[in-house]
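Contents: one structure, followed by commentary.
Atoms considered below: every heavy atom in the structure, side chains included; atoms not considered: hydrogens, waters and symmetry mates. Keep in mind that what you see is a predicted model, and the values were worked out from it rather than measured. Order of the sequence lines sets the chain letters (A, B, ...), proteins ahead of strands, with each chain counted from 1.
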There are 2 protein chains.
Amino acid sequence: MSGPLTERRQTILKLVIQEFVDTATPVASETLVRKYRLPVSSATVRNDMAALEELGFLTHPHTSGGRIPTDAGYRFFVENLMERSSLSPAEQRMIRHQFYQVRGELDQWIQLACAVLARTAHNASVATAPRAEQLRFKSLELIAIHETMALAVIVFHGGIIKQQTLPIEPGRTAEDLRRAAGLVSDLLADSTLSRVEELAAVATFNGMPLSEFERGLVDLVARAMMAFEEQTQEQIYSDGLLEMLSQPEFLPASGRDDAERAIERMRRTLEILRSGRGLGPLIPQALASGGVQVIIGGEHVEDAMRDYSVILARYGVEGAIAGVLGIIGPTRMAYPRSISTVRYIASLMSNLLAELYNLNARPSEVDVDDENAQRV
Amino acid sequence: MSGPLTERRQTILKLVIQEFVDTATPVASETLVRKYRLPVSSATVRNDMAALEELGFLTHPHTSGGRIPTDAGYRFFVENLMERSSLSPAEQRMIRHQFYQVRGELDQWIQLACAVLARTAHNASVATAPRAEQLRFKSLELIAIHETMALAVIVFHGGIIKQQTLPIEPGRTAEDLRRAAGLVSDLLADSTLSRVEELAAVATFNGMPLSEFERGLVDLVARAMMAFEEQTQEQIYSDGLLEMLSQPEFLPASGRDDAERAIERMRRTLEILRSGRGLGPLIPQALASGGVQVIIGGEHVEDAMRDYSVILARYGVEGAIAGVLGIIGPTRMAYPRSISTVRYIASLMSNLLAELYNLNARPSEVDVDDENAQRV
DNA sequence: GTTAGCACTCGTGAGGCTAGAGTGCTAAGA
DNA sequence: TCTTAGCACTCTAGCCTCACGAGTGCTAAC
């Protein structure tokens, strides 16, 4: 009885989604005909809508009141109906300019990426710091703070640094510290955590046993690496919470019943962004796959995420360092624009990292012309 | 007609506040008598309440329904009625333990302080990073990332570090970089930003003119210092948003009218914490004064803050480095507990910093036994 | 100065009602 | 077979009313 998914029905689905994304209110047949000057009557549209509903692409909050898309509807839209868009040249220029202003300031990049994502897509953004598959030690510097305290700056491959203070014996000179740091730097050069631990166990360098102090430094590095892995494991940067909460989904549409639910939704959303629960499982997935990932509402494993869509892309330099960034918002979101935004920022970040790493490396898999991106 | 502020009336004010803080609902005369077994009748309490209302300490949302404290009521409570409390030894131990676990990891301290504050006081916490009155250069390290890119790690007094990448000419050896970094480190040692700029203008070291590369490094340091000042100027760490938003103030008490207002409040609160507007002016004030600052509701300059109370304390090492940390929440908050929490965390952070700086320095002005703290 | 008693006020929540929006269906037309 | 006009039906939002109950303010007695 549902009938085939004719061309016109696809158009109607597309228009319903477009309209619903714009207005956030259920879409009526009449509205569609009027607004888009359809060459058919509202009754025909109603029939098609009913068919789309039977196909599972639309639904009906109440008998009266228009249609809204289902998750399956969005999914079909994203995969088949959506026109690929990109940010306007003016927007691209503005974004590039902002990144240009923090060139060199590695530690600002993620925050900026989050800020730009959020403001451009009008939803919350998330990102993980770029991570090497394997944290690799690069060098150690020791700077005396006063007679009994020094600051250790541990540099890892990829411009990642970690600071750590350590107590020292009063007697040590700056030259002492420099020598010890240099020796440990040479000993541990390019080591992964497990290699550092091996070397700590052996505790010799070129056959010479390490001094007490040097052994302490090696341990310090090992501990720092462990702490670092732990910290970055789950740390998710985020921005644009306010941006997302300004979406009509978080306004009480009517009745105090709904109001309480709106607040509850708000609180749960905060919880999601703060804890990263619900996002956690998606990260490795996004890291593994290329292209842009779109997860819509009920497709999430986590129940708490059922009302949200997430758009994620991997960024980084193939084989060297990678992170994930993206957008989270209500399922009703401007998918074409959001997807292009995520794609653009990911490629920008990839380029920045590529430059940092090695000018010759291919930026990454998420490129503006990558057909994978369209895939999802 | 209002009559004097007798002992009993003060007790009643105190009980009303206590009860209101607990229950978040207006306090009725009858409730007070029953719950605290007052040796007088509810009528007497009502009379006293009326007097307290005329004195400006209590108010009346509606004719029926109990009393709630005014800002002035809270102020009087905080200054005269409140018993000084401190955190339980068990809590103190737990908190100290958490700080112990990140000892050495300077960059984690503020975040931890915020987290602990929020969880202990059940409200949002804010903190600024510890800042030297004058940012002073300590040393520069250069680490080659690859042939044309290096990472500069700039260390300032007080364990503050800033990283920055810079492009280099392909020819430079690691030894080159080390030498140049060492020279610039010596040249700029202990300089403030203005001094660095002076030295950049002169561009000589011990009478010898600096090389192109070395001049570039000096400029880099100057730019990094400027960037740093700018970034930390307004940056306010925060945590416990969710904690605060779980307070009944952010629930719609009744009617959909109130629901909308609740959401609006929520949104405005987010805005405050994100932008730091409303908090901004309080920071220098808190930095300047010792002790614990309590600003209650309408006492705020900023209109947007009229519904919130803020408790701030300075932390740091006298004459060397200082920051501010505290709590923000609805005016209805557990002042005694919140104040002791803020005081405790501030003194803890001060001790940590003192240790980092110099074991002999006096921690700071906010000590557990400091009578200043009670002052406000 | 304190208390019992009581009238009065007002917010809350339930219930009922109306208007309006939008659908589903039916029967006629292309 | 597809499209369309017409119309009954459904459901929600918004409004009004009403009754209940909590808590006060006042008065008069102690």
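Partners of Glu30(B) under the salt bridge (charged side-chain N to carboxylate O under 4.0 Å, His left out) rule, at least two apart in sequence or in another chain, do not exist in this structure.
Judged purely by distance below 3.5 Å, without hydrogens or angles, the side chains of Ser85(B) and Ser340(B) pair a donor atom with an acceptor atom. Remark: the Glu19(B) side chain and the Tyr36(B) side chain contain an N/O donor-acceptor pair separated by less than 3.5 Å. Side chains of Tyr308(A) and Thr269(A): a donor-acceptor N/O pair is present below 3.5 angstrom, by distance only. Judged purely by distance below 3.5 Å, without hydrogens or angles, the side chains of Tyr335(B) and Ser309(B) pair a donor atom with an acceptor atom.
At the phosphate of dT4(D), OP1 or OP2 sits under 4.0 Å from a side-chain N or O atom of Thr44(A).
Atom CD of Glu54(A) and atom C1' of dT23(C) are 15 Å apart (whole Å). Between Glu30(B) atom CD and dG5(C) atom P there is a gap of 12 Å when expressed in whole angstrom units. Taking atom CZ on Arg34(B) and atom P on dG23(D), their separation rounds to 8 Å, with Å as the unit. What separates CZ of Arg46(B) from C1' of dA7(C) is a distance of 12 Å, to the nearest Å.
Taking every heavy atom of residues 59-72 of chain A and every atom of DNA chain C, pairs under 4.0 Å involve His60(A), Thr63(A), Ser64(A), Gly65(A), Gly66(A), Arg67(A), by number.
In this structure, CG in Leu81(B) is found 13.0 Å from CZ in Arg75(B), a value given to the nearest 0.5 Å.
Side chain of Arg8(B), nearest nucleotide from dG6(D), dT3(D), dT2(C): dT2(C).
In this structure, Ser29(A) reaches the sugar-phosphate backbone alone: every heavy-atom distance under 4.0 Å involves primed, P, OP1 or OP2 atoms, never a base. Within the nucleic acid shown, Val27(A) comes within 4.0 Å of sugar-phosphate atoms alone, with no base atom in reach, counting heavy atoms only.
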Short N/O separations, protein against nucleotides 26-30 of chain C, under 3.5 angstrom:
none

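Scanning both residues, Leu32(A) and Leu38(A), for their nearest heavy atoms gives O-CG, 4.0 Å.
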